[in-house]
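Encoded as structure tokens, the structure appears first; notes follow it.
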Amino acid sequence: MRWIIFVAIYVVLDIYAYQAFKTITRHSWIYYIYLFFSLLALGNLLYQFNGPGNEGWSGARSYSVGFFLAFFVPKLLMFFLLFGEDLVRVLVGAGKKLAQSNKDFSIPGRRKFISQIALGLAAIPFASLLYGMYQGRYNYKVLKYVLYFDDLPDAFDKYRITQISDIHSGSFDNPEKIKYGIDLINEQESDVITFTGDLVNNKASEMDDWKGIFSQLKAKDGVYSVLGNHDYGDYVDWESSEAKKANLDALKKVHADMGWNLLLNEHRYLEKDGQRIALVGVENWGIGGFKKAGDLDRAAASLQAEDFKVLLSHDPSYWQERIKKDEKHYHLTLSGHTHGMQFGIEIPGWFKWSPVQYRYENWAGIYEEFGRYINVNRGFGFLAYPGRVGIWPEISVIELRKGPKPA
């Protein structure tokens, strides 16, 4: 029934889009070609999600979502414009009927320039979504931040942390582009590299073709990682609970095979010149129906409030719910999870918007409350829609500085 309703909505939107094409041109072949590709995108989506042997978010299924969105989003925009025009046309027709009761009720025809505006505006998301699929998803950006702390140990002044998140290796299909991203991370020459969860979409086997590339990540103090909600295999119908556990065990082994230090509700110390800071890692904890395996008390057992702490926590909602108010004082939290919805508008230093901000208070970049910071990484990979528009894949580089924040 849900699919029937879904198709009905899509057909209604197609009717409006068809009318726009018909209004601006008499060449019927133009709108017939449009309808062909629009229905092809719908049919492919239905097949990928209901046909045999299709699962996960990789390959053809992922592309079916991308092409569907490239048609659906522009049509939705056109619908609001043309439906608004329909309301005006009905009101004008009703006004004329009331003014001249002896005449038949009639609705004025569509205005060509309204349809031209609708199609012109619709072309923007259409082109953007296609660009995001073929270029935007590998358009890696290195975002650099400097954060100041009065109680940072002297030896860690100018200490650099590189953070990546949300790899989602099951969505990848271009080893050269991924290798470029890995090289870009290593070029930052940070003291430590951190990964904040969602290595795969669902299964540990998704990393089989990518372990060699990601094992090339190197930093003086090592690579540290935590699990994200997708890493637990919760979105797969396993044949048994044992199979699900075996998948999680295999994924943990992948971290070890790559030389990464996976933190499972535990902490490690990073030492320099006789001083140290604590790197704390919690398992996933998220609001709503997301996995709640994070245990902050266990992870920070034996740590004191005066210890300088950097915390890895996949879902930023844990920061709002617990971390930022905790009496042990977590100086910096590194999170991911939101992907910035892989869609939005950002003008650095001026404007930042994405629909995901209506779900998450902290969704991209640096936030500060109570003198405590969180960085929400926009993600290295992508999921479902195989691209990015405006919210580019991110490599965060955070430099810790000793002293007060400059005025």
Side-chain angles (χ1 to χ4, degrees), residues 140-167 178-197 199 213-226 255 258-263 267-282 303 307-314 316 319 323 329-336 348-349 362 364-368 371-381 392-406:
Y140 300 110
K141 301 295 183 184
V142 177
L143 302 185
K144 297 183 178 182
Y145 306 97
V146 178
L147 301 181
Y148 291 82
F149 302 92
D150 289 327
D151 56 349
L152 179 71
D154 293 337
F156 286 86
D157 187 35
K158 298 184 180 180
Y159 192 83
R160 286 160 58 88
I161 302 170
T162 286
Q163 179 200 2
I164 58 172
S165 191
D166 299 271
I167 287 172
I178 302 304
K179 180 62 166 60
Y180 166 75
I182 296 301
D183 290 341
L184 194 58
I185 295 170
N186 285 332
E187 285 174 11
Q188 306 313 309
E189 298 183 338
S190 290
D191 297 283
V192 67
I193 296 174
T194 60
F195 169 67
T196 46
L199 185 62
I213 294 178
F214 282 93
S215 65
Q216 296 175 26
L217 287 177
K218 303 296 179 184
K220 179 172 60 68
D221 288 338
V223 181
Y224 290 84
S225 57
V226 293
H255 286 252
M258 295 189 300
W260 296 11
N261 301 283
L262 179 61
L263 301 176
H267 66 270
R268 299 284 188 275
Y269 288 108
L270 303 177
E271 298 188 2
K272 186 176 182 182
D273 299 337
Q275 297 180 317
R276 66 185 187 179
I277 63 175
L279 191 62
V280 186
V282 295
L303 289 178
D307 293 327
F308 191 93
K309 294 175 284 295
V310 176
L311 174 68
L312 311 184
S313 174
H314 176 69
W319 191 72
I323 296 168
H329 190 95
Y330 292 89
H331 297 74
L332 172 62
T333 298
L334 305 178
S335 296
N362 312 113
I366 296 284
Y367 302 83
E368 178 187 4
R372 306 172 190 193
Y373 293 89
I374 182 173
N375 180 57
V376 184
N377 184 282
R378 294 158 180 81
F380 185 86
W392 311 118
E394 175 182 351
I395 299 163
S396 304
V397 179
I398 300 174
E399 183 176 301
L400 307 180
R401 297 297 301 269
K402 170 80 172 184
K405 183 178 180 179

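Everything numeric in this text was worked out from a predicted model, so none of it was measured.
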TODO: Verify side chain to side chain contact (heavy atoms under 4.5 Å, CB included) between V192 and Y159, making sure each step is shown before the conclusion.
DONE: CA-CA 9 Å; V192 67; Y159 192 83; 3.6 Å; yes

- [ ] Give me the ring orientation class for W260 and F195: parallel if the planes are under 30° apart, tilted from 30 to 60°, perpendicular past 60°.
- [x] tilted

Task: Reported CG-to-CD1 distance for the pair L147 and I366, which is rounded to 0.5 angstrom - done: 5.0 Å

Task: Donor-acceptor pair between H331 and D151 side chains, under 3.5 angstrom - done: yes

Open item on the list: Is it the case that over 12 heavy atoms from other parts of the model lie below 6.0 angstrom from the OH atom of Y269?
Closed with: yes

Open item on the list: Main chain of N261, side chain of R268: is a donor-acceptor contact present, judged purely on distance under 3.5 Å?
Closed with: no

TODO: Verify side chain to side chain contact (heavy atoms under 4.5 Å, CB included) between L312 and V280, making sure each step is shown before the conclusion.
DONE: CA-CA 6 Å; L312 311 184; V280 186; over 6 Å; no

Task: Flag side-chain contact, heavy atom, 4.5 Å: R378 against L143 - done: yes

TODO: Step through the shown structure and confirm whether more than 12 heavy atoms of other residues, nucleotides or ligands are within 6.0 Å of CD on Q216.
DONE: yes

Task: S313 vs W319 side-chain heavy atoms within contact, under 4.5 Å - done: no

Open item on the list: In the structure I gave you, are the side-chain heavy atoms of D150 and P404 within less than 4.5 Å of one another anywhere?
Closed with: yes

- [ ] Determine the interplanar angle of the F149 and F308 rings, folded into 0 to 90°, and report it as parallel if under 30°, tilted if 30 to 60°, perpendicular if over 60°.
- [x] perpendicular

Task: Donor-acceptor contact below 3.5 Å, side chain H267 vs main chain L279 - done: no

Task: Spacing of CD belonging to E271 relative to CZ belonging to F156, to within rounding of 0.5 Å - done: 7.5 Å

- [ ] Test L270 against Y224 for side chain to side chain contact (heavy atoms under 4.5 Å, CB included), laying out the working first.
- [x] CA-CA 11 Å; L270 303 177; Y224 290 84; 3.8 Å; yes

- [ ] For the residue pair L332 and L400, establish whether any side-chain heavy-atom pair is separated by less than 4.5 Å.
- [x] yes

Open item on the list: Measuring from atom CD of E399 to atom CG of D157, what distance do you get when rounded to the nearest 0.5 angstrom?
Closed with: 7.5 Å

Open item on the list: Ring of Y330, cation from K309 - is the NZ or CZ under 6.0 Å from the centre and inside 45° of the axis?
Closed with: yes

Task: Heavy-atom check, side chain of E394 versus side chain of K141, under 4.5 Å - done: no

Open item on the list: As an exercise, state the distance from CD1 of I374 to CD of E368, rounded to the nearest 0.5 Å.
Closed with: 12.5 Å

- [ ] Locate the shortest heavy-atom distance separating V376 from G336; write the atom from each residue and the value.
- [x] CG1-O, 3.6 Å

TODO: Without swapping roles, check the side chain of N377 against the backbone of Q163 for a donor-acceptor pair under 3.5 Å.
DONE: yes

Open item on the list: Give me the atom names and distance for the closest heavy-atom approach of D273 to A155.
Closed with: CB-CB, 3.9 Å

- [ ] Please name all residues satisfying side chain to side chain donor-acceptor pair (under 3.5 Å) with T333, sequence neighbours left out, ordered by chain then number.
- [x] none

Task: Atom pair OG1/CD1 of T162 and I164 - distance to nearest 0.5 Å - done: 9.0 Å

Open item on the list: So I398 and Y373, do their side chains get closer than 4.5 Å, heavy atoms only?
Closed with: no

TODO: Determine the sole option in S165, S335, S396 for which the side chain to side chain donor-acceptor pair (under 3.5 Å) test with N375 is passed.
DONE: S396

TODO: State whether D191 and K220 are salt-bridged, where the test is any N-O pair (Lys NZ or Arg NE/NH1/NH2 against Asp/Glu carboxylate O) under 4.0 Å.
DONE: yes

Open item on the list: For a 4.5 angstrom cut-off between non-hydrogen side-chain atoms, does K402 reach D154?
Closed with: yes

TODO: Report the C-alpha distance between L262 and S225 in whole Å, list the side-chain angles of each, state the deciding distance to 0.1 Å, and finish with yes or no for side chain to side chain contact (heavy atoms under 4.5 Å, CB included).
DONE: CA-CA 5 Å; L262 179 61; S225 57; 3.6 Å; yes

Open item on the list: Taking the side chain as everything from C-beta on, heavy atoms only, tell me whether F214 gets closer than 4.5 Å to V223.
Closed with: no

Task: Exercise: identify the closest heavy-atom pair between G181 and I395 - done: O-CD1, 4.0 Å

Open item on the list: Just verifying a value: how many Å separate L217 CG and T194 OG1, rounded to the nearest 0.5 Å?
Closed with: 10.5 Å

